[in-house]
Amino acid sequence: PGDPEAGEMGLAAVPGRQAAFRQGLAAAVQYAKAVGCPRIHLMAGRVPLGADRAAVAGEMETTFTENLRYAADLLAQEDMVGLVEPINNRITDPRYYLNTPHQAAAILEKVGRPNLKLQLDLFHCQIMDGNLSHNLKTYFPLIGHIQIAQVPGRHEPDSAGELNFPYVFELLESLGYSGYVGCEYAPKGDTVEGLGWLRSYWERRGLQRGSTGKAAE
């Protein structure tokens with residue numbers, strides 16, 4: 001993430017911070033190896049303070065592309081995957097560089113590395129573009145990780161909001177998604193009690209709590 005105290009939120013697309021990005025990536029790889037995690041979020045970072053987004057867009061895309069190619073080659077040596085996540089600039093972070101799945105997909109295509117994937121957070125995607133069913137189907141070949149939170153409160157998926165998560169989960173299953181779904185939300189209260197939505201979902205799907213193997217499949 002760079003230096004949060006200095007207002008940084010990732011470095012991959014920030015001009016002039018390439019050396020720091022590479023140092024951070026090397027450290028992240030060591031942490032990932034230690035905990036057995038094969039995926040690393042390569043955070044794009046923010047438009048420099050005081051800069052016009054349109055004026056620096058070209059330079060930031062060039063920096064991002066070069067850093068992603070470097071990261072992909074390094075991660076390939078460790079059999080790891082790099083992930084890029086669009087973060088909405090309407091509510092969460094007005095200065096974040098990477099904002100939509102369309103922008104991310106275009107950059108991934110330009111970079112052209114098979115071990116770079118899209119980390120699609122449905123909270124951010126809904127705020128920026130909506131049209132979740134179409135976007136999931138369109139970008140499914142690029143998706144390496146899914147994250148969820150209800151919109152607009154960013155709480156549990158069964159809290160009041162815009163998204164029908166049982167439908168979304170069944171859509172992911174029909175598409176053949178077999179990866180993890182990250183709960184990127186702020187619990188309204190107790191974390192464990194807030195997981196009641198998951199127990200209800202298992203029950204509706206005829207699964208037992210924590211079941212594995214053929215039943216879970």
Side-chain angles (χ1 to χ4, degrees), residues 10 12 25 28-29 31-44 68 71-72 74-88 98 100-109 111-129 131-151 154 156-158 163-187 191 194-195 197-202 204-217:
L25 176 63
V29 167
Y31 279 110
K33 289 170 65 176
V35 299
C37 180
R39 292 173 175 82
I40 294 179
H41 176 196
L42 306 169
M43 301 181 72
L68 288 178
L74 179 66
L75 294 175
Q77 299 174 21
E78 306 290 347
D79 197 26
M80 292 181 178
V81 172
L83 301 168
V84 297
E85 179 190 8
I87 295 176
N88 82 83
L98 188 67
T100 70
H102 324 300
Q103 180 190 9
I107 289 173
L108 288 174
E109 182 178 2
V111 173
R113 294 291 194 277
N115 66 327
L116 293 182
K117 295 290 184 179
L118 174 62
Q119 178 169 308
L120 191 64
D121 188 317
L122 301 186
F123 173 83
H124 298 303
C125 187
Q126 171 71 2
I127 290 170
M128 293 301 296
D129 191 65
N131 208 13
L132 289 185
S133 296
H134 176 75
N135 282 326
L136 281 169
K137 294 173 183 177
T138 299
Y139 297 115
F140 186 74
L142 292 176
I143 293 175
H145 187 55
I146 294 282
Q147 292 176 321
I148 60 168
Q150 186 57 275
V151 180
R154 208 170 186 176
E156 288 89 342
D158 64 346
L163 301 183
N164 179 356
F165 277 102
Y167 166 80
V168 170
F169 295 149
E170 290 178 17
L171 175 59
L172 287 171
E173 290 180 17
S174 72
L175 292 171
Y177 183 69
S178 59
Y180 287 102
V181 174
C183 299
E184 183 91 342
Y185 63 76
T191 300
L195 288 171
W197 66 268
L198 181 56
R199 291 186 286 272
S200 297
Y201 181 72
W202 280 336
R204 285 195 300 271
R205 302 292 288 167
L207 304 177
Q208 295 179 355
R209 179 176 176 180
S211 60
T212 58
K214 291 184 178 180
E217 291 170 6

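Counting heavy atoms from C-beta on, the side chains of Asp79 and Pro38 never come closer than 4.5 Å. A heavy-atom distance below 4.5 Å is found between the side chains of Cys183 and Trp197. Counting only heavy atoms from C-beta outward, the side chains of Leu108 and Val84 approach each other to under 4.5 Å. Using a 4.5 Å heavy-atom threshold, the side chains of Leu142 and Pro101 count as separate.
Of all heavy-atom pairs spanning Leu171 and Leu136, the tightest one is CD2-CD1, 3.8 Å. A pairwise comparison of heavy atoms in Glu156 and Tyr185 identifies CG-CE1, 3.5 Å as the closest pair. Residues Leu75 and Val81 share a closest heavy-atom pair of CD1-C, 3.9 Å. In plain terms, the two heavy atoms of Tyr167 and Ser133 that are nearest each other are OH-OG, 2.9 Å. Considering all non-hydrogen atoms of both residues, Lys117 and Pro141 come closest at NZ-O, 3.4 Å. Of all the heavy atoms in Gly82 and Leu42, the pair that sits closest is CA-CD1, 3.9 Å.
Taking CG from Leu175 and CD from Glu170, the interatomic distance works out to 12.0 Å, rounded to the nearest 0.5 Å. To the nearest 0.5 Å, the span separating OH on Tyr180 from SG on Cys37 amounts to 9.0 Å. Between atom CG of residue Leu116 and atom CG of residue Leu68 there is a gap of 5.5 Å, rounded to the nearest 0.5 Å. Atom CG of Asn131 and atom NZ of Lys137 lie 10.0 Å apart (nearest 0.5 Å). Taking CD of Gln103 as the reference point, atom CE of Met128 lies at 8.5 Å (rounded to 0.5 Å). In this structure, CG in Leu172 is found 7.5 Å from OG in Ser174, a value given to the nearest 0.5 Å.
A distance-only check finds a donor-acceptor pair linking the side chain of Tyr177 to the backbone of Ile146 [under 3.5 Å]. Remark: the backbone N or O of Leu83 is not paired with any side-chain donor or acceptor of His41 at under 3.5 angstrom. Judged by distance alone, with hydrogens and angles left aside, the side-chain atoms of Gln150 form a donor-acceptor pair with the main-chain N or O of Pro157 at under 3.5 Å. Formation of a donor-acceptor pair under 3.5 Å by the Arg39 side chain with backbone atoms of His145 is not found in this model. Between the side chain of Asn115 and the backbone N or O of Ala72, at least one donor-acceptor pair lies under 3.5 Å. In this structure a side-chain-to-backbone donor-acceptor pair under 3.5 Å is missing from Thr138 to Asn135.
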Take Leu120 and Gln147 through the test side-chain contact (heavy atoms from CB on, under 4.5 Å) and record every step on the way to the result.
CA-CA 6 Å; Leu120 191 64; Gln147 292 176 321; over 6 Å; no
What's the verdict on side-chain contact (heavy atoms from CB on, under 4.5 Å) for Leu98 and Ile107, showing C-alpha distance, side-chain angles and the deciding distance?
CA-CA 10 Å; Leu98 188 67; Ile107 289 173; 4.1 Å; yes
Using the rule given for side-chain contact (heavy atoms from CB on, under 4.5 Å), can you reason through Ile148 versus Phe169, listing the C-alpha separation, both sets of side-chain angles and the distance that settles it, and then say yes or no?
CA-CA 10 Å; Ile148 60 168; Phe169 295 149; 3.8 Å; yes
Worked verdict on Arg205 versus Glu173 for side-chain contact (heavy atoms from CB on, under 4.5 Å)
CA-CA 12 Å; Arg205 302 292 288 167; Glu173 290 180 17; 2.4 Å; yes
